[in-house]
Number of protein chains: 2
Amino acid sequence: MIELVILGAGNVAKHLYTAFKQAPNIRVRQLYSRNKTDWTRFLGESSTVTVTDDWTSLANADLYLLAVSDAAVAELSRQLPFTGCLVAHTSGNLPLAVGSDRNRRAVFYPLQTFSKDRPLQYSQIPFCLEAESEPDFQLLETLAAALSAPSYRLSSGQRQPLHLAAVFANNFTNHLYHLAAEICQSHQLPFRLLQPLICETAQKIASISPYQAQTGPARRNDRQTLAAHQKQLQDETQRQLYQHLTDSILKTYEIHEL
Amino acid sequence: MIELVILGAGNVAKHLYTAFKQAPNIRVRQLYSRNKTDWTRFLGESSTVTVTDDWTSLANADLYLLAVSDAAVAELSRQLPFTGCLVAHTSGNLPLAVGSDRNRRAVFYPLQTFSKDRPLQYSQIPFCLEAESEPDFQLLETLAAALSAPSYRLSSGQRQPLHLAAVFANNFTNHLYHLAAEICQSHQLPFRLLQPLICETAQKIASISPYQAQTGPARRNDRQTLAAHQKQLQDETQRQLYQHLTDSILKTYEIHEL
């Protein structure tokens, strides 16, 4: 049985708590938040897990999971009132060394987007793991396996570019969906018309590289359509992004000629 | 029984031929291409459908489907050696009126990305239909229904912004996947680590609007991570796109403060 304390009360903390609660051989001993109500409201009255907002009453555990914002990790790790314990943060961008060296430092980074009220399939989430010793690493592996999740050993130097790549593939992509939704909305078109296209675009690259999968007017060097689109775009931000993304595609495929 | 002639031999022409071949009450009578081998190589020896490269021997049909590049539609439609027939193009961007008015003009636009060797689920593809008369529109509806595909009546004025939105949601999104793959590659990281995240990002917006689904450092106004990412990006195109997309997210959520 691995015993956990989860610190934080955001989306990642809540998703991980929900998953670990159902996992075999894992016990979430305690939840910490500066505001206890962040957890008590989420848990409901029937919950038996203890919630604390008091540093000095943190329970003993095999692992303290800092599922808090990047900005809070360093300070939180320094404030922990014990030494020699295993403390992992869940950030893609922060190095292992951001944690206080008074405890055994580790990283337990789930490479996925966590939204409120949206359940996740953990068997599909790669967990990127890092620790200072082999036994600590193995404990993290056991944790990921308890969620049926695949895990990978990544150094901080590898995890940071992976997180950056994830920003392109997830955050920026989602923003393009939003711009597409705006265009639909301003012409009274239902955005759901685009859902099958969006899913096919995402699924296609499991079998074809995105380099090969590229289609569209920029890839075809179809200047007539590119000009027609530029003309349609009234919003300056949309127009500029259209141009920058088009230029980047033309550059990628070394298309210079009209 | 609806009889078709398909003109063109690109991905859309081939996908539609393959789909119609199996559809009930549809007969593809003939395939036209300037180079007959484009089709004959695709069809193989056992095929019984006739292929022609000769304008003057086009078969009679209920519908002539111009599945060719946008640039070729207008000229091809003017060259057709008959009048009064139903002729539909498959372009998202071109208006109905691009076709010659010597024939009955129509649009049969499948809103999907068509790649070679990748089968599609037609029940998931919205077909955007437009015609000059109600009987012609109904024939297009029957065709889409024969593929078990949902169909929508869209004017040229609606279809063009939808196509533009699709460029954001599909072509530009795929390019972001490519940039993410480049970042992975330059750090010896397997791109497939991002596949579950990419699929979840695409599926999530079926239940949450992309506006609500937005996560990441720009959305959180996490300037520390934004600066760390900028520093990591060595490629100038990647760096500029990172900045432009970040600025657009900040603007969307009216985030001004540091």
Side-chain angles (χ1 to χ4, degrees), chain A residues 70-71 93 111-113 115 118 124-126 158 161-162 164-181 183-184 187 189 193-206 208 210-211 213-216 222 224-225 228-229 232 237 241 244-245 248-249 251, chain B residues 70-71 93 111-113 115 118 124-126 158 161-162 164-181 183-184 187 189 193-206 208 210-211 213-216 222 224-225 228-229 232 237 241 244-245 248-249 251:
Chain A
D70 282 15
N93 190 51
L111 179 53
Q112 191 48 281
T113 168
S115 292
R118 187 166 164 85
Q124 296 292 314
I125 301 180
Q158 293 174 300
L162 182 64
L164 174 58
V167 167
F168 276 89
N170 162 24
N171 303 152
F172 289 163
T173 287
N174 183 77
H175 185 58
L176 293 183
Y177 299 159
H178 167 66
L179 297 180
I183 295 169
C184 287
H187 293 86
L189 292 161
L193 281 182
L194 291 173
Q195 185 69 46
L197 176 66
I198 284 170
C199 280
E200 168 66 11
T201 306
Q203 283 162 12
K204 193 196 274 197
I205 54 159
I208 312 175
Y211 182 86
Q214 188 67 52
T215 56
D222 175 352
Q224 204 180 329
T225 303
H229 284 167
Q232 273 185 70
T237 305
L241 274 181
H244 293 309
L245 286 157
S248 183
I249 295 172
K251 195 180 159 207
Chain B
D70 282 15
N93 189 51
L111 179 53
Q112 189 48 279
T113 168
S115 292
R118 187 164 164 84
Q124 297 292 314
I125 302 180
Q158 293 174 301
L162 182 63
L164 175 58
V167 167
F168 276 90
N170 162 23
N171 303 151
F172 290 163
T173 287
N174 182 77
H175 185 58
L176 293 183
Y177 299 159
H178 168 66
L179 297 179
I183 295 169
C184 287
H187 293 86
L189 292 160
L193 281 181
L194 292 173
Q195 185 69 44
L197 175 66
I198 284 170
C199 280
E200 169 66 11
T201 306
Q203 283 161 12
K204 193 196 272 195
I205 54 161
I208 312 173
Y211 182 88
Q214 189 67 51
T215 57
D222 175 352
Q224 203 181 330
T225 302
H229 283 168
Q232 272 186 70
T237 305
L241 274 180
H244 293 310
L245 286 157
S248 184
I249 295 172
K251 194 180 160 206

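Chain identifiers are assigned alphabetically (A, B, ...) following the order of the sequence lines, protein sequences preceding nucleic acid strands; residue numbering begins at 1 within each chain. Below, all heavy atoms of this structure are taken into account, side chains as well, without hydrogens, waters or symmetry copies.
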Checklist entry - Non-hydrogen atoms of chain B under 4.5 Å away: do they reach the side chain of L189(A), the backbone, both or neither? => result side chain
Item to check | Part of Q112(B) lying under 4.5 Å from any heavy atom of chain A | outcome: both
Next on the checklist: For A180(B) versus F168(A), what's the shortest heavy-atom pair and its separation?
Outcome noted: CB-CB, 4.2 Å
Item to check | Intermediate values then yes/no, side chain to side chain contact (heavy atoms under 4.5 Å, CB included), L162(A) and H187(B) | outcome: CA-CA 8 Å; L162(A) 182 64; H187(B) 293 86; over 6 Å; no
Item to check | Between N174(A) and T201(B), a side-chain donor and acceptor under 3.5 Å | outcome: no
Checklist entry - Within a strict 4.5 Å, meaning less than it, do heavy atoms of the H178(B) and I249(A) side chains meet? => result no
Next on the checklist: To check you understand the geometry: which heavy-atom pair defines the closest contact between K204(B) and S115(A), and what is its length?
Outcome noted: NZ-OG, 2.5 Å
Next on the checklist: Checking D70(A) now: which residues fulfil salt bridge (charged side-chain N to carboxylate O under 4.0 Å, His left out) with it, not counting sequence neighbours?
Outcome noted: none
Checklist entry - Q203(A), Q232(A), K251(A), R118(A): which one forms the most heavy-atom pairs within less than 4.5 Å of chain B? => result R118(A)
Checklist outcome for this item: Output for pair (F172(A) CZ, L245(B) CG), nearest 0.5 Å, gives 5.0 Å
Checklist outcome for this item: Ranking L179(B), I205(B), L111(B) by heavy-atom pairs under 4.5 Å to chain A gives rank one to I205(B)
Checklist entry - Among L241(B), L193(B), I198(B), which residue forms the greatest number of heavy-atom pairs with chain A at distances under 4.5 Å? => result L193(B)
Next on the checklist: side chain to side chain contact (heavy atoms under 4.5 Å, CB included) for N93(B) and H229(A)? Distances and angles first, verdict last.
Outcome noted: CA-CA 9 Å; N93(B) 189 51; H229(A) 284 167; 3.6 Å; yes
Item to check | Options P126(B), P161(B), G216(B), ranked by heavy-atom pairs under 4.5 Å with chain A, top entry | outcome: P161(B)
Item to check | L164(A) versus chain B, the contacting section by heavy-atom distance below 4.5 Å | outcome: both
Item to check | Part of A228(A) within contact of chain B (heavy atom distance under 4.5 Å) | outcome: side chain
Checklist entry - With chain A, which of V167(B), T215(B), T237(B) has the greatest number of heavy-atom pairs at distances under 4.5 Å? => result T215(B)
Next on the checklist: In the structure I gave you, are the side-chain heavy atoms of L194(B) and N170(A) within less than 4.5 Å of one another anywhere?
Outcome noted: no
Checklist outcome for this item: Answer key: most heavy-atom pairs under 4.5 Å with chain A among C184(B), A166(B), A181(B) is A166(B)
Next on the checklist: Distance check, rounded to the nearest 0.5 Å: E200(A) atom CD versus I125(B) atom CD1?
Outcome noted: 7.5 Å
Checklist entry - At what distance, to the nearest 0.5 angstrom, does NE2 of H244(B) lie from NE2 of H175(A)? => result 12.5 Å
Next on the checklist: Using modelled atom types and a 3.5 Å cut-off, is there a donor and acceptor pairing between side-chain atoms of Q214(B) and backbone atoms of N171(A)?
Outcome noted: yes
